[in-house]
A.B. asks: 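Got a structure for you, questions after.
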Amino acid sequence: MRPTTDALIVIDIQNDFCPGGALAVADGDSIIPRVNALMDEFAVVVLTQDWHPADHSSFAANHPGAAPFTTVEMPYGPQVLWPAHCVQGGAGAEFHPDLRTDPADLILRKGFRTDIDSYSAFFENDHKTATGLEGYLRNRGVARLTLVGLATDYCVAWSAIDAARLGFSATVLEGACRAIDLDGSLAAARAAMRDAGVTLEP
Ligand code: VGL
Ligand code: ZN
């Protein structure tokens with residue numbers, strides 16, 4: 001067991017990001033056995049859950065005429081328009097049934113405000129509105145984070161970069177993540193993580 005200063009952050013392993021889901025990440029479910037095993041190594045385990053209202057502004061369907069996977073300009077910056085996914089209370093928003101949830105100390109929901117998306121577990125996409133996760137981890141004396149989950153190039157990367165900027169030691173286990181890889185987004189995210197001081201491990 002690792003010391004209580006170390007936390008495992010499990011990002012968005014939900015039905016909609018797994019094969020058959022509304023925003024399926026190729027092979028997304030294949031990481032689950034390793035993630036489940038990792039939970040036994042950490043005294044602090046946090047799960048995040050993408051949790052959008054049906055009228056969420058990141059859904060292409062809420063932008064008449066806009067196609068999924070195009071980008072629009074929001075007041076807080078560019079935003080990819082996604083197929084509707086992880087709608088609050090829906091089956092797609094549930095954790096994958098094979099993911100262990102009992103070891104989680106905290107389940108953090110994000111993306112619940114209609115007008116703003118939240119890829120990162122720390123800040124919404126304006127990079128300012130806090131989710132409260134930083135305070136939770138600091139109050140518990142956590143200094144080192146290991147991040148896994150879906151998707152590498154969006155919610156995992158944005159969470160890891162924010163963690164490093166906030167002064168946490170941040171390690172992404174890439175083998176326990178899978179990517180969407182939209183227009184080179186995986187390569188860009190890996191470079192941005194390295195620049196931010198995130199450690200990438202297999
Ligand atoms: C995610 C796109 C939209 C993710 C969430 O979990 O990486 N990606 N919402
Ligand atoms: Zn989302």
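Note that ligands are numbered from 1 as they come in the structure, with each ligand's atoms numbered from 1 the same way. Keep in mind the model is a prediction, meaning the values are calculated, not measured.
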A.B. asks: Taking K110 first and then D12, would you say they form a salt bridge - that is, a charged N and a carboxylate O separated by under 4.0 Å?
C.D. replies: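 Answer for the salt bridge query: yes.
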A.B. asks: Which value, rounded to 10°, describes the OD2(D50)-the Zn ion (ligand 2)-NE2(H85) angle?
C.D. replies: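 Between OD2 of D50 and NE2 of H85, the angle at the Zn ion (ligand 2) is about 100°.
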A.B. asks: May I ask you to check whether V156 has an N/O atom sitting below 3.5 Å from an N/O atom of ligand 1?
C.D. replies: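 In this structure, V156 places no N or O atom under 3.5 Å from an N or O of ligand 1.
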A.B. asks: Which atoms of ligand 1 have any heavy atom of F17 under 4.0 Å away?
C.D. replies: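 It comes down to these atoms of ligand 1: 1 (C), 4 (C), 5 (C), 6 (O), 9 (N).
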A.B. asks: If the cut-off is 4.0 Å to any non-hydrogen atom of H85, which atoms of ligand 1 fall inside it?
C.D. replies: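 Atoms satisfying the 4.0 Å criterion: 3 (C), 9 (N).
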A.B. asks: If the cut-off is 4.0 Å to any non-hydrogen atom of D12, which atoms of ligand 1 fall inside it?
C.D. replies: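 So the atoms of ligand 1 that pass are 4 (C), 6 (O).
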A.B. asks: Is it the case that N62 and H56 place a side-chain donor and acceptor less than 3.5 Å from each other?
C.D. replies: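 Looking only at side-chain atoms, H56 and N62 do not form any donor-acceptor pair under 3.5 Å.
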A.B. asks: Verify the distance criterion only: is there a donor paired with an acceptor across the side chains of S57 and D115 at less than 3.5 Å?
C.D. replies: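 No, no side-chain donor-acceptor pair sits under 3.5 Å.
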A.B. asks: Would you please indicate if the ring centroids of F59 and H52 are separated by under 6.0 Å?
C.D. replies: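 When the ring centroids of F59 and H52 are compared, they turn out to be within the sub-6.0 Å range.
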A.B. asks: I want to check a possible cation-pi pair here: R138 against F168, using under 6.0 Å from ring centre and within 45° of the ring axis as the test.
C.D. replies: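 The answer is yes, since R138 meets both limits relative to F168.
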A.B. asks: Does atom CG of D126 have more than 12 heavy-atom neighbours, drawn from other residues, nucleotides or ligands, at distances under 6.0 Å?
C.D. replies: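 Yes - once you tally the heavy atoms of other residues, nucleotides and ligands closer than 6.0 Å, there are more than 12.
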A.B. asks: If only side-chain N and O atoms count, and only distance matters, is there a donor-acceptor pair under 3.5 Å linking R178 with S30?
C.D. replies: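 R178 and S30 do have a side-chain donor-acceptor pair below 3.5 Å.
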A.B. asks: Tell me: protein heavy atom nearest atom 2 (C) of ligand 1, and distance?
C.D. replies: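 Protein heavy atom at minimum distance: W82 CE2, 3.4 Å.
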A.B. asks: So, D117 and the Zn ion (ligand 2): N/O/S under 2.8 Å, yes or no?
C.D. replies: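 For D117, the answer is no, given that no N, O or S atom comes within less than 2.8 Å of the Zn ion (ligand 2).
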A.B. asks: Using a strict cut-off of 4.0 Å, indicate which atoms of ligand 1 neighbour a heavy atom of C155.
C.D. replies: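 What qualifies from ligand 1 is 1 (C), 4 (C), 5 (C), 6 (O), 7 (O).
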A.B. asks: Using a 4.0 Å cutoff against the non-hydrogen atoms of L150, which atoms of ligand 1 qualify?
C.D. replies: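 Within the 4.0 Å cut-off of L150, ligand 1 contributes 4 (C), 6 (O), 7 (O).
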A.B. asks: D50 heavy atoms, cut-off 4.0 Å: which ligand 1 atoms fall inside?
C.D. replies: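 Close to D50: 5 (C), 9 (N).
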A.B. asks: Could you point out which residue of T71, T70, N125 forms a side chain to side chain donor-acceptor pair (under 3.5 Å) with Q79?
C.D. replies: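 In the set T71, T70, N125, the residue that makes a side chain to side chain donor-acceptor pair (under 3.5 Å) with Q79 is N125.
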A.B. asks: Under 2.8 Å from the Zn ion (ligand 2) - does any N, O or S atom of H52 fall there?
C.D. replies: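 Yes, H52 qualifies, because one of its backbone or side-chain N, O or S atoms lies under 2.8 Å.
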